[in-house]
Amino acid sequence: MSIKIIKPGLFTTVQDKGRFGYQHLGFSSAGAMDRYSYEVGQALINNQGPSLEYTIIGPTLQFNENNTVVLTGGQFNAKLNKRKVPQNTVIFVSQGDQLEIGNAIEGARGYIFFGQPLDIEQVADSYSTHTRSMVGGFKGRPLKKNDVINIIPNDNFKLNLGKSSAYNAVAEDNIIHIIKGPQAQAFSEEKQRTLVKEEYSISDKSDRMGYRLIGDNIAPENSADIISEPVALGSIQVPNDGNPIILLNDKQTVGGYTKIATVSQLDLRKLAQFKPSDTIQFEWISINDANQELLQFSKEFNELLESIASRPTYNIEWLRPTSNKLARIIEEE
């Protein structure tokens, strides 16, 4: 029982919530860039298996066994045997079906989860792929054409068929809230104002390790070089050329450049759905206000997850996609 990769898409990797507790040993956390979309998908499919994360262009998969799947994250032009597939809805796929996820319509990153989950070995308590160190996931790398991934049998994989959610992963604005960084004093008041005065665009040299930004130069007053120290997810590093870099999930664990700011934890989900050439607008926020916004969002998000578990809604069209498929499901049971 397996899934074959017909087309790999753009940087498609196996991810879960991340690899935690190992940064002191040099292991990056990796994990899903959009953690909230990941959690929605996991709640809908209702198992602890990993997802495939894809960027801008999704993969094409062939199913060698009946399964169920759900797509979350950015909106992609996904089609199952040429029929358009809805977002955030668990659908049935038959043996031999092909799912073409296609290009991004809104957002940049998407996730696919499987009712019969991918058979991936955990490394340091995580399925997540960190490609720079070739750790975790499927052979420690992005997927390639003709890869075949085994699945784990799950007798209950059809129980969540049709389950749906209205969660929207794509933010309505491009504002990214930031908190003063540990070396903020190395930058003049003028440079700190510059950071939030104009928009920055995301360079095409960006990846899961970090977003390189194009915009006004904000070089520190003196050298950007410091004694290497731990870096946080969302740190905005500024090397001597004055071009800021936002460190993301596949970042190094320590760094030796000045850090002017850190992206608020809540707005990391926004960053995950921006693609090269998109623009972002930074806005300063206090730690207290950032924590309050995170607490409020987390409360509402946890209520959403609870409703998926205890009061689910269903997409009737995909609960019974065709009479033939429904008959085959009933016959198998």
Side-chain angles (χ1 to χ4, degrees), residues 1-16 37-38 40-55 57-73 75-103 110-121 127 129 137-139 141-164 314-315 317-333:
M1 298 192 297
S2 61
I3 296 166
K4 183 177 181 179
I5 309 303
I6 305 301
K7 295 180 182 178
L10 185 59
F11 210 84
T12 301
T13 56
V14 175
Q15 300 293 343
D16 60 10
S37 290
Y38 182 92
V40 168
Q42 196 169 59
L44 288 167
I45 207 70
N46 197 27
N47 67 49
Q48 297 301 307
S51 71
L52 296 182
E53 178 188 89
Y54 39 91
T55 307
I57 301 173
T60 298
L61 311 177
Q62 178 176 295
F63 294 87
N64 299 327
E65 179 71 18
N66 292 350
N67 211 330
T68 51
V69 299
V70 62
L71 306 179
T72 64
Q75 181 71 46
F76 281 70
N77 187 27
K79 296 179 181 178
L80 178 66
N81 301 326
K82 307 302 182 182
R83 181 188 179 191
K84 188 174 176 61
V85 171
Q87 191 80 351
N88 299 338
T89 297
V90 180
I91 66 172
F92 182 83
V93 292
S94 298
Q95 183 178 5
D97 281 354
Q98 285 197 7
L99 175 63
E100 180 183 3
I101 296 177
N103 61 290
Y111 300 86
I112 179 169
F113 296 80
F114 305 88
Q116 301 204 78
L118 303 178
D119 188 4
I120 300 293
E121 183 178 354
Y127 300 112
T129 311
F138 185 78
K139 301 182 179 180
R141 59 166 172 79
L143 299 186
K144 296 179 181 180
K145 180 179 179 180
N146 293 327
D147 280 342
V148 176
I149 307 177
N150 292 330
I151 60 175
I152 299 173
N154 173 18
D155 292 339
N156 298 319
F157 78 97
K158 288 175 283 191
L159 291 182
N160 299 286
L161 188 62
K163 193 179 288 187
S164 186
Y314 291 89
N315 183 327
E317 180 183 1
W318 289 88
L319 184 60
R320 294 179 174 86
T322 68
S323 59
N324 288 338
K325 284 189 177 181
L326 179 61
R328 184 161 56 247
I329 293 170
I330 293 172
E331 182 180 341
E332 289 172 355
E333 292 177 339

| query | Does any N or O in the side chain of D16 come within less than 3.5 Å of the main-chain N or O of Y127, such that one atom is a donor and the other an acceptor? | reply | yes

| message | Side chains of S37 and T72 only: does a donor on one sit below 3.5 Å from an acceptor on the other? | response | no

| message | Any heavy-atom pair between the side chains of Y314 and K163 that's under 4.5 Å? | response | yes

| task | Look up atom CD in E65 and atom CD1 in I3, then write down how far apart they are to the nearest 0.5 Å. | result | 10.0 Å

| request: Would you check if N146 and K4 make a side-chain contact, meaning some heavy-atom pair closer than 4.5 Å? | output: yes

| Does V70 reach the side chain of I91, with side-chain heavy atoms less than 4.5 Å apart? | no

| field | Flag side-chain contact, heavy atom, 4.5 Å: L143 against P59 | value | no

| Is the closest side-chain heavy-atom distance between Q98 and N81 below 4.5 Å? | yes

| query | Is K82 atom NZ crowded by more than 12 heavy atoms from other residues, nucleotides or ligands, each under 6.0 Å away? | reply | no

| Are the side chains of Y54 and I101 in touch, meaning some heavy atoms are under 4.5 Å apart? | yes

| Within the side chain of S51, is there an N or O that forms a donor-acceptor pair under 3.5 Å with the backbone of Q15? | yes

| field | Under 3.5 Å donor-acceptor, Q116 side chain and N66 backbone | value | yes

| Aromatic centroids of F157 and F114 separated by under 6.0 Å | no

| task | Show your reasoning for whether side-chain contact (heavy atoms from CB on, under 4.5 Å) applies to L44 and F113. | result | CA-CA 9 Å; L44 288 167; F113 296 80; over 6 Å; no

| Where the side chain of S2 meets the backbone of N64, is there a donor-acceptor pair that is under 3.5 Å apart? | no

| remark: The single option from L118, D119, I120 that satisfies side-chain contact (heavy atoms from CB on, under 4.5 Å) with N150 is D119

| query | Could you walk me through whether I112 and L61 pass the side-chain contact (heavy atoms from CB on, under 4.5 Å) check? | reply | CA-CA 11 Å; I112 179 169; L61 311 177; 3.8 Å; yes

| With a 4.5 Å limit on heavy-atom distance, are the side chains of V69 and V90 in contact? | no

| 4.5 Å side-chain heavy-atom contact, N160 and I45 | no

| request: Would you confirm whether N154, through its side chain, and G115, through its main-chain N or O, come within 3.5 Å as a donor-acceptor pair? | output: yes

| request: Could you tell me whether a side-chain N or O of S164 sits under 3.5 Å from a main-chain N or O of N88, the two making a donor and an acceptor? | output: yes

